[in-house]
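Report on one structure; see the data block that follows.
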Amino acid sequence: MQRSVTGKIIESHLVKGRLIPGEEIGLKIDQTLTQDATGTMVYLQFESMGLSSVATRLSVSYVDHNTIQDGYENADDHQYLQAVAAKYGILFSRAGNGICHQVHLERFSAPGMSLLGSDSHTPTGGGIGMLAIGAGGIDVTLALAGSPFFMECPKIIRINLHSSLPPFSSAKDVILTVLGILTTKGNTGTVVEYGGDGLAGLSVPDRATITNMGAELGVTTSIFPSDRVTLEFLKAQGREQVWREIMPDAGAQYARVIDIDLADVTPMVAKPHSPDNVCPVKDINGLAVDQVTIGSCTNSSYTDLMRVAALLTGRHVHPRVSLVIAPGSRQVFRMLAENGALAAMVSAGARILEPVCGFCIGNCHAPSTEGVSLRTTNRNFKGRSGTKSASVYLVSPETAAVAAIRGVVTDPRDAGFDYPAIAMPKAFVIDDSMVLRPPEPAERGAVTIVRGPNIGAPLQLEPLTDSLSGVVAIKVGDKITTDDIMPAGKRLKYRSNIPKYADFVFEPIDASFSRRCLEYKQKGIDAIIVGGESYGQGSSREHAAICPRYLGVKAVLARSFERIHFANLVNYGIVPLVFASLADYAALQAGDVLEISGLLNSVRQADYLVINSKTKGMTFEGKLNLSPRQRDILLAGGVLRYARGQRTENG
Ligand code: MIC
Ligand code: SF4
């Protein structure tokens, strides 16, 4: 049978299930990546499995998110991660070496391999022809232990890119155009595969910008073929030995085909507060700008920042604007420093941040009250920047740089600036000295794991009970993100401390949620969350399941769920139920008491279960969209208990 690129890689990694879209499949994982904000939980859970070493071909632990260090917590996490990596055979990329996705693309990615990362932007690796998937931390823990990764066999949407981009239109504008077509809703169980003659003009970092922000579509991943452009990039990284050609077969079938003529792609912007709220930059020309931030795993490559430097050369940042630039990796940073581009940025008045996530995750550089911030990042959810009243617009580096100079949003084609054509370097500067290799296996026993007071313990769960009687602790609307459920920013440093972090569940929407749940918990009452469509969009953070579970949440009823969050709920023993009708969702209110009986039998075999609203005196159905494996996980009381059970069974 003719295969797509996706189909070929899935086929070569398939260890369980059949290649039928919608069915659950298990894939062998070659590589994993973690970052510090999700990584501590990954490794605390790995430690609890009692294994002596990881089973993957390559695993890298990055420190890039929690780098502010306004207190001991971040530094404690870094120390713990460094020791754990040495003990179990994991590479450790130190703080300052760069953002996980950018560094992984540069130094470790390999066409045709599978990569599982505890970060939703892991699909950045799709730019080089990897099957790169984001997941909750515990799924990465299991992959480290050698278990397959389970997911729905995807349907594949093919996007053909034709001809070439005009000056001042870039990869970011391509993915914003795609977001305008596919939106952030309703794309679960899908992979987006790119093809067409337009690929010849898109470098690997351009492709990675497109697959990175594919995360915002809610798809499982996005992928490009591995071709001559891929080979050139790998050669320039001194890694051509990992290249292999992976092209789709002629006649491969796709669920849908979309054609985009790159010549028609214009500078685009995603307006507040969703990455799919897109329009041409021209439509908001003249909007006064207070802040511009350039960087993040979406747009911080060498060519991105060289174009920015060229636009800034000989010009100055507008007095109203604060311009912040964060290179994506130490490689990019060093090359900019050595070729003078950094000096051009600094002379123009840019503020330079180390190569970290920083402003992207609301860790620093929050905009002013009601400020307008233009960012090259991938998410503009309300409040994510650290300022609730700010308006964040997502744009390309070119549009961002022009706005920083002009002080107002300007279609970069109208600014009267020459377009800076930047060639891909023939050779990147290679220096992996900030990636620490683990000692030889025989010496690993001597490694002591340092645990500061911020390093807590994983959650201990019990098996599912037969009945559930609980209060609707909160009712929320559509497109609730995991940033809404479990805020990052100044709360990010509590990731390794579940009881502390749990104080902030739903803080941006209802700061009293956590206290209320703890009161219910003390009285032995379960809590239930009611959500609308696309519940759990955005980040992969499993704390959006762990912390509610810690507070006593036992079920989430929603109109639909996003893939990673759904898996996280199951993994932590929270029953995810889909409303059978909109009317049932509309009828429920916070404070309603709901009862479910015969839960064990339903989870074991039924597709629907009956929910009794004692408050409203009505019954309604909730759909259980679960694979047989997910049913077993829920019954066992979460995936870690399930995995332990499996290992005992298999001797
Ligand atoms: C994000 O961009 O929201 C993050 C922070 O990278 C998250 C991971 C996390 O919450 O630690 C993600 O995208 O998965
Ligand atoms: Fe870091 Fe932002 Fe990328 Fe998340 S989206 S990995 S916070 S740079």
Side-chain angles (χ1 to χ4, degrees), residues 120 179 182-190 215-219 270-277 379-384 388 468 470-487 505-514 516-517 526-541 543-545 547-549 551 553-570 574-594 596 608-609 611 613 615-616 618-626:
S120 64
L179 271 152
L182 292 176
T183 79
T184 61
K185 272 197 332 195
N187 300 316
T188 53
T190 306
E216 277 47 74
L217 298 166
V219 295
K271 293 178 291 181
H273 296 284
S274 180
D276 62 357
N277 189 15
R379 289 182 175 147
N380 57 348
F381 305 146
K382 196 175 174 64
R384 180 176 160 103
K388 219 170 170 178
L468 198 161
V471 178
V472 175
I474 192 168
K475 179 179 176 182
V476 289
D478 292 344
K479 288 189 172 184
I480 290 298
T481 69
T482 46
D483 279 60
D484 294 323
I485 306 170
M486 215 50 270
V505 178
F506 278 119
E507 189 189 30
I509 297 179
D510 175 357
S512 59
F513 175 86
S514 173
R516 212 164 43 246
C517 286
D526 297 326
I528 295 169
I529 294 169
V530 170
E533 276 193 290
S534 284
Y535 183 79
Q537 279 193 354
S539 142
S540 68
R541 64 192 68 150
H543 293 76
C547 293
R549 176 68 209 240
L551 295 176
V553 172
K554 296 285 177 58
V556 179
L557 272 151
R559 294 189 56 211
S560 64
F561 290 91
E562 289 299 309
R563 174 185 68 90
I564 304 179
H565 187 59
F566 185 88
N568 288 340
L569 290 174
V570 173
I574 298 179
V575 185
L577 291 162
V578 179
F579 281 105
S581 95
L582 174 58
D584 298 334
Y585 165 76
L588 288 187
Q589 281 169 320
D592 286 359
V593 178
L594 305 183
I596 305 171
Y608 287 89
L609 54 72
I611 301 154
S613 165
T615 315
K616 296 272 161 19
M618 67 176 212
T619 58
F620 60 97
E621 287 189 320
K623 191 166 172 20
L624 287 157
N625 278 338
L626 300 165

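Not measured: the values here are computed from a predicted model.
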For [X], side chain to side chain contact (heavy atoms under 4.5 Å, CB included) partners two or more places apart:
| X | answer |
| --- | --- |
| Asp484 | Ile480, Thr481, Ile509 |
| Val471 | Tyr520, Ile525, Val593 |
| Thr183 | Lys185, Asp276 |

Test item: [X] side-chain N/O and [Y] main-chain N/O as donor-acceptor pair under 3.5 Å:
| X | Y | answer |
| --- | --- | --- |
| Asn187 | Leu182 | yes |
| Asn277 | Ala270 | no |
| Lys616 | Asp592 | no |
| Ser534 | Gln537 | no |
| Arg516 | Ala473 | yes |

Flag the pair Pro275 / Phe381 as yes when at least one side-chain heavy-atom distance between them is below 4.5 Å, and no otherwise.
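A side-chain contact under 4.5 Å exists here.
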Residue pair Leu577 / Ile596, side-chain heavy-atom distance below 4.5 Å:
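Sidechains of Ile596 and Leu577: in contact.
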Under 3.5 Å, is there a donor on one side chain and an acceptor on the other for Arg384 and Ser539?
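Judged by distance alone, the side chains do not pair up.
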Do you see a donor-acceptor pair shorter than 3.5 Å between the side chains of Ser560 and Glu533?
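No donor-acceptor contact under 3.5 Å links the two side chains.
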Looking at residues at least two apart in the chain, or sitting in another chain, which of them share a salt bridge (Lys or Arg N to Asp or Glu O under 4.0 Å) with Lys623?
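Salt bridge (Lys or Arg N to Asp or Glu O under 4.0 Å) list for Lys623, sorted by chain: empty.
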By salt bridge (Lys or Arg N to Asp or Glu O under 4.0 Å) - contacts of Lys271 (at least two apart):
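Listed in chain order: nothing, the list is empty.
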Which residue in the set Thr482, Asn568, Asp483 passes side-chain hydrogen bond (donor to acceptor under 3.5 Å, both in side chains) when paired with Arg541?
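It is Asp483, the one option of Thr482, Asn568, Asp483 that forms the side-chain hydrogen bond (donor to acceptor under 3.5 Å, both in side chains) with Arg541.
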Quick one: ring-ring contact (aromatic ring centres under 6.0 Å, His included) partners of Tyr585, sequence neighbours excluded?
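By the ring-ring contact (aromatic ring centres under 6.0 Å, His included) rule, Tyr585 matches Phe579.
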